[in-house]
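Encoded as structure tokens, the structure appears first; notes follow it.
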Amino acid sequence: MVKRLKTLVMATHNKGKVEELSELLKDVCDKVVSASDMKLSEPEETEDSFEGNALIKARAAYKETGYPALADDSGLCVNALNGAPGVYSARWAGPEKNFETAMNFLDTKLAGMPDRSAHFKTVLAYIDEKGAEHIFEGQVDGNLIWPPSGEKGFGYDPIFVPEGERRTFAEMERHEKQAMSHRGKALLKFLDFLRDG
Ligand code: ITT
């Protein structure tokens, strides 16, 4: 039986993540609110790992609200760039969060490099009602294309083609991306955890 939560805070200010996470979470929570809805502060992400930064965000939201909190730290890791931008994926877009700029910057860095393989990674950090911490991970491998293609999704989606596909994430419907994405995989692990717990 799935353990239902009364209220869950999604410890993120990223609208794209909220859209992708909230749909499935609504099945297991009476109420799902985001850090933006609750006007929570945005803690500085000072760790050099997805897990470390996910925990910073989840702990901050749990502390501020007292509700169980789920944070997502994620990013694009490019093999030819030794895993960059990785935990710096959001920061490459600057304070204006301009991903056109970030994708152009990435394309410039990859000039002359034939290896276009990359993966997206998500680490979800969950802090339960008692304050216990749990980690769930998801990854999707794929290749980068240029020029960007597609209007859906967010962030680096217009340049990422998952393995076995011909379309970018930005050319897919949300449920199609969800079925194969890093975030979708991590979220299923979290839902399994609630089911078993
Ligand atoms: P929060 O910290 O408030 O959750 P953020 O956007 O700053 O929002 P991150 O620090 O985890 O989140 O940065 C992850 C970045 O990686 C995100 O801004 C996107 O640009 C990129 N990213 C993560 N998942 C992605 C996805 O599914 N599609 C495209 N880009 C993604």
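Ligands are counted one by one from 1 in listed order, and the atoms in each one are counted from 1 as well. Just so it is clear, the model here is predicted, and its values are computed rather than measured.
Counting the atoms of ligand 1 from 1 in the order shown, those under 4.0 Å from a heavy atom of G75 are 16 (O). Annotation for ligand 1: atoms under 4.0 Å from non-hydrogen atoms of K57 are 1 (P), 2 (O), 4 (O), 9 (P), 10 (O), 11 (O). Remark: ligand 1 atoms within the under-4.0 Å shell around heavy atoms of D73 are 9 (P), 10 (O), 11 (O). Ligand 1 places these atoms under 4.0 Å from at least one heavy atom of S89: 15 (C), 16 (O). With ligand atoms numbered from 1 in the order given, ligand 1 contributes 4 (O), 11 (O) to contacts under 4.0 Å with heavy atoms of D72. Near E45, meaning under 4.0 Å from one of its heavy atoms, ligand 1 places the atoms 2 (O), 10 (O).
Taking each heavy atom of L25 and L70 in turn, the nearest pair found is CD1-CD2, 4.0 Å.
Nearest to atom 30 (N) of ligand 1 among the protein's heavy atoms is Y156 N, 3.2 Å. Closest protein heavy atom to atom 27 (O) of ligand 1: K177 NZ, 2.7 Å. For atom 7 (O) of ligand 1, the closest non-hydrogen atom on the protein side is A90 CB, 3.6 Å. At the shortest separation from atom 11 (O) of ligand 1 among protein heavy atoms lies K17 NZ, 2.8 Å. Protein heavy atom in closest approach to atom 23 (C) of ligand 1: S74 OG, 3.2 Å. When only non-hydrogen protein atoms are considered, atom 3 (O) of ligand 1 lies nearest to H13 N, 2.8 Å. Residue, atom and distance of the protein heavy atom nearest to atom 31 (C) of ligand 1 are F120 CE2, 3.5 Å. Of the protein's non-hydrogen atoms, the one nearest atom 6 (O) of ligand 1 is N14 ND2, 2.9 Å.
Salt bridge status for K6 with E129: absent, with no side-chain N to carboxylate O gap under 4.0 Å. For E133 and R59, the salt-bridge test passes: some basic side-chain N is under 4.0 Å from an acidic carboxylate O.
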Salt bridge (Lys or Arg N to Asp or Glu O under 4.0 Å) between K189 and D192: does it pass, once the steps are laid out?
CA-CA 5 Å; K189 289 182 188 168; D192 279 347; over 6 Å; no
Derivation and outcome, salt bridge (Lys or Arg N to Asp or Glu O under 4.0 Å), residues E176 and R167:
CA-CA 11 Å; E176 293 178 289; R167 294 171 299 165; 3.0 Å; yes
Trace of the salt bridge (Lys or Arg N to Asp or Glu O under 4.0 Å) decision for D72 with R183
CA-CA 8 Å; D72 166 317; R183 183 162 300 102; 2.5 Å; yes
Stepwise salt bridge (Lys or Arg N to Asp or Glu O under 4.0 Å) test for E137 and K121
CA-CA 7 Å; E137 297 188 0; K121 182 160 181 183; 3.5 Å; yes
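Under 4.0 Å from ligand 1, the heavy atoms of H182 that appear belong solely to its side chain. Counting heavy atoms closer than 4.0 Å to ligand 1, residue F99 contributes side-chain atoms (C-beta onward) but none from N, CA, C or O. Counting heavy atoms under 4.0 Å from ligand 1, residue F154 touches it through both backbone and side chain.
Taking the side chain as every heavy atom from C-beta outward, L187 and Q178 approach each other to under 4.5 Å.
Around atom 4 (O) of ligand 1, the closest heavy atom drawn from T12, D157, L21 belongs to T12.
With ring centers used as reference points, F154 lies 6.0 Å or more from F99. The distance between the ring centers of F160 and F120 falls below 6.0 angstrom.
In this structure, K177 satisfies the cation-pi test against F169, with its NZ or CZ atom closer than 6.0 Å to the six-membered ring centre and inside 45 degrees of the ring normal.
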